[in-house]
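Reviewing the structure listed below.
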There are 2 protein chains.
Amino acid sequence: MKVTINDVAKLSGVSIKTVSRVTNNEVSVRQATRDKVMAAIQELNYQPNLAARSLAGTKSYTIAYIYDNPNAYYIIDMQNGILSECRKQSFELLIHPCNSKSADIIEEIVSMIKQSRIAGVVLTPPFSEMPSVAERLTEIGVKFVRILSGRNVPDTDSPCIMVNDFDAAFEISQHLIDLGHTDIGFISGGKEHKSTLERIEGYKAALTKNSIDCREDLIIDGEYSFESGVKGAEQLLAKPNRPTAIFSCNDEIAAGALFASRLQNITIPEQLSIVGFENSPFSRQTWPKITTADQPNQTIAKHATALLINDIREQKPDEICEQITPSLLVRDSSGAVTN
Amino acid sequence: MKVTINDVAKLSGVSIKTVSRVTNNEVSVRQATRDKVMAAIQELNYQPNLAARSLAGTKSYTIAYIYDNPNAYYIIDMQNGILSECRKQSFELLIHPCNSKSADIIEEIVSMIKQSRIAGVVLTPPFSEMPSVAERLTEIGVKFVRILSGRNVPDTDSPCIMVNDFDAAFEISQHLIDLGHTDIGFISGGKEHKSTLERIEGYKAALTKNSIDCREDLIIDGEYSFESGVKGAEQLLAKPNRPTAIFSCNDEIAAGALFASRLQNITIPEQLSIVGFENSPFSRQTWPKITTADQPNQTIAKHATALLINDIREQKPDEICEQITPSLLVRDSSGAVTN
DNA sequence: TAGTTAAATGACAGCGCTGTCAATCCATTT
DNA sequence: AAATGGATTGACAGCGCTGTCATTTAACTA
């Protein structure tokens, strides 16, 4: 029926306090003792009662995930990743949808944190990119982990996951170059997103590295939407000396670009290569399927959560930040240049 | 800072037990006493400690949302709706992603429920359509609310929300008919979904009502995906005497159908009308935007949660089930027949 | 008015865990 | 071999609330 810490203590022949130490990953427990307890936990399939723990302790074992990002696929991936780490570490997850554009968003978050005794927060864009959020959270002493786009670790002592959009964009651009493309259009996401900026830089760096002139006229300002992909592609395809490949800042844009191209009876990838970014379901729902950069959101979220929980537990990890680079995923929308 | 039940008891001059009675809306408390306590609660801005309440009590105040549906937009909407009702009623929400196709899915759910002391579960398709889930939940005495597709309330005493796909499909079909269409193709979702079946029936009923022959060859078996929409539309458009309108079983299919049609240089809606279903972001991300049936998922989820919590609190509501009919949302992908 | 009963209220234990601090262990050192 | 001191471990109280059951109060009845 219900397995309590007492049962585990009895079975393993130690006090409940020691069992508690084991479940909380505290340091001063002899390895042999720890093993015994772990075995008992396994055997009984014991799960600590979270309510009791948070009642008794002064610490909180609840973390919050604040989201707003309208990209549902991204949120679900993140949420699933966070959740799996929470389960592993016996933390609770509080989901907090909110509107990042609301004027008093920061105070809303703060009051939620106080209400629910939150120990830490997982921050994804746009929240992770708002300095004021990080500041205020530090101020009230709540830990947080940020998932950010960038190449170098920011100057901070809060944990973070850096998604290396630059390198990934470089790699995917190199892929196009290797296929013989030299006129490569670029449809960007909103410039307010760090990820957009990084991807543009990676794209430019790849061109430079291969001694290809970067035609500024092939870089279209867009946003992360299907519609923007349609419009961006239309602009690019109308140009004299039109590109033989299009790097879309994400898969949704790529899907739009694909749509627009097919409307003009351009065959993909024979007459035009299109690549996306993120490996979201969009990239698999089109025909042909889109070559993209696989951004393992669920893994990223899991790691981020692990870093956050480490920090909450005040265990100084080897690394406070991790870097993850999305990897090239070649599918059917990219091919060699044909004349 | 922290206000406990003790503070309220002292301020209002009663025992903590009486305060507890008031916060839990128990019956045998004199009105005058209740008022005094309420005033104190107000003054101190007291919020009961949920952890303590669930530790001490035999009752649980946590409900779970089990999801698997690969449609991220749907899940997020549902989740947000459930969450808003939970907050209102001081319930906690446990999110439980899982795989509905796993062999021991039911036992996994049961064990999660026991582990986390869940009082009730919100069930959406496919779980809400699995009789075994409802049976097992009843067996272990856990309340649940189901969100189902259908016209008539099932024979049960568990609460549910019936989404009247039939009427909505009828209405959207009637819209096409009113525009002059008589040859209307239909691309279905997977037949394992009740929603698909209901939508087909609604479509057929509308044809019949208007004395239009139902051409079985215009009904294409598909599934809920973009790709399926592409293929379905290709099949329909290849037919002699091809349809002048396509009813797609959901927006994703509609987006695919739109894509396929544009590939063939068919203009929408002049040469072909396309309608979707659900009012998901897909229907807004295309060009032209898709006429669809607005299924207010967040509202549905909120109502479902309210019904569930009522049931948990053993308050007999007037109605145990509610019926919601998605309403026609005319956009730009449907137009009058032109010759 | 006293007696009877139902309604209202309170005293108290205890939910399962963690914090505190004292007790014990064990590898050193002397 | 005894002393030392840091590393382990355990005893016990108590977190804020609810369930149980005893007690008090109010509301009738005869």
Side-chain angles (χ1 to χ4, degrees), chain A residues 1-38 40-41 44-62 89-92 115-117 119 312-314, chain B residues 1-38 40-41 44-62 90-92 114-117 119 312-314:
Chain A
M1 328 271 52
K2 199 167 34 179
V3 182
T4 75
I5 196 169
N6 245 302
D7 303 319
V8 178
K10 248 172 251 163
L11 180 60
S12 50
V14 299
S15 72
I16 57 171
K17 182 64 216 189
T18 296
V19 176
S20 164
R21 288 195 177 92
V22 172
T23 59
N24 288 295
N25 243 307
E26 288 178 26
V27 278
S28 63
V29 177
R30 197 170 301 139
Q31 189 58 45
T33 311
R34 189 181 298 275
D35 293 343
K36 256 192 317 191
V37 173
M38 289 296 249
I41 288 176
L44 297 173
N45 187 27
Y46 165 71
Q47 302 257 158
N49 178 321
L50 305 185
R53 182 178 58 180
S54 77
L55 215 213
T58 53
K59 305 194 205 69
S60 152
Y61 297 85
T62 303
Q89 306 230 28
S90 292
F91 265 64
E92 297 187 87
Q115 283 282 336
S116 307
R117 287 190 63 218
I312 291 171
R313 292 212 157 116
E314 315 230 281
Chain B
M1 316 292 83
K2 201 168 32 180
V3 182
T4 74
I5 195 169
N6 244 301
D7 303 319
V8 178
K10 247 171 252 166
L11 180 61
S12 50
V14 300
S15 73
I16 57 171
K17 181 65 216 189
T18 296
V19 176
S20 166
R21 289 196 176 92
V22 172
T23 59
N24 289 294
N25 244 308
E26 288 177 27
V27 279
S28 61
V29 177
R30 197 169 303 135
Q31 189 58 43
T33 311
R34 188 181 299 274
D35 292 343
K36 258 194 313 191
V37 173
M38 287 297 249
I41 287 176
L44 298 173
N45 188 29
Y46 165 72
Q47 303 252 162
N49 178 322
L50 302 187
R53 180 232 249 160
S54 78
L55 215 214
T58 52
K59 304 194 207 67
S60 151
Y61 297 84
T62 302
S90 286
F91 265 62
E92 297 186 88
K114 291 192 171 161
Q115 285 285 335
S116 307
R117 289 189 61 216
I312 291 171
R313 293 218 158 110
E314 316 229 281

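None of the values given here were measured: they were computed from a predicted structure. Every chain is numbered from 1, with letters handed out A, B, ... down the list of sequences.
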State whether [X] places a side-chain N or O below 4.0 Å from either non-bridging phosphate oxygen (OP1 or OP2) of [N].
X: B/Asn6; N: D/dG16; value: no
X: B/Lys59; N: D/dC17; value: no
X: A/Thr58; N: C/dG19; value: yes
X: A/Ser54; N: D/dC15; value: no

Between [X] and [Y], which heavy-atom pair has the shortest distance, and what is it?
X: A/Phe91; Y: A/Ile312; result: CE2-CD1, 4.1 Å
X: A/Val3; Y: A/Leu44; result: CG2-O, 3.5 Å
X: A/Val29; Y: A/Arg21; result: CG2-CB, 3.6 Å

For the pair made of [atom1] in [X] and [atom2] in [N], what is the distance, rounded to whole Å?
X: A/Asn24; N: C/dT20; atom1: CG; atom2: P; value: 14 Å
X: A/Arg34; N: D/dA7; atom1: CZ; atom2: P; value: 15 Å
X: A/Leu44; N: C/dG16; atom1: CG; atom2: C1'; value: 15 Å
X: B/Asp35; N: C/dT9; atom1: CG; atom2: P; value: 11 Å
X: B/Arg53; N: C/dG16; atom1: CZ; atom2: P; value: 18 Å
X: B/Ile5; N: C/dC15; atom1: CD1; atom2: P; value: 19 Å
X: A/Tyr61; N: C/dG16; atom1: OH; atom2: C1'; value: 13 Å
X: A/Asn49; N: D/dC15; atom1: CG; atom2: P; value: 18 Å

Nearest-nucleotide 5' precedence on DNA chain D, B/Thr23 against A/Ala52: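 The answer here is A/Ala52.
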
Of B/Glu26 and A/Ala56, the one whose closest DNA chain D nucleotide lies more 5':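 The residue closer to the strand's 5' end, by nearest nucleotide, is A/Ala56.
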
Atom pair CD (A/Gln89) and CG (A/Asn24), whose distance is rounded to the nearest 0.5 Å: 10.5 Å

Separation between OG1 of B/Thr23 and CD1 of B/Ile16, rounded to the nearest 0.5 Å: 11.0 Å

B/Lys36/B/Val14 under side-chain contact (heavy atoms from CB on, under 4.5 Å): CA gap, chis, key distance, verdict: CA-CA 9 Å; B/Lys36 258 194 313 191; B/Val14 300; 4.1 Å; yes

Enumerate, atom names and distances included, each donor-acceptor pair closer than 3.5 Å involving a side-chain atom of residues 50-61 of chain B, sequence neighbours excluded.
from, atom 1, to, atom 2, distance (Å)
B/Arg53, NH2, B/Ser90, O, 3.4
B/Ser54, OG, B/Ala51, O, 3.4
B/Ser60, OG, B/Thr62, N, 3.2
B/Ser60, OG, B/Arg117, O, 2.5
B/Ser60, OG, B/Ala119, N, 3.3

Proximity to DNA chain D (any heavy atom under 4.0 Å), residues of residues 9-19 of chain A only: A/Val14, A/Ser15, A/Lys17, A/Thr18

First of A/Leu55 and A/Arg30 reached from the 5' end of DNA chain C, by closest nucleotide: A/Leu55

Presence of donor-acceptor pair under 3.5 Å, side chain of B/Arg21 and base of C/dG10: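 Yes.
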
Options C/dG16, C/dC17, D/dC17, nucleotide nearest the side-chain atoms of A/Tyr46: C/dC17

A/Pro48, nearest nucleotide to its side chain (from C/dA8, C/dC17, D/dT18): C/dC17

Side chain proximity check, B/Ile5 to B/Lys10, heavy atoms < 4.5 angstrom: no

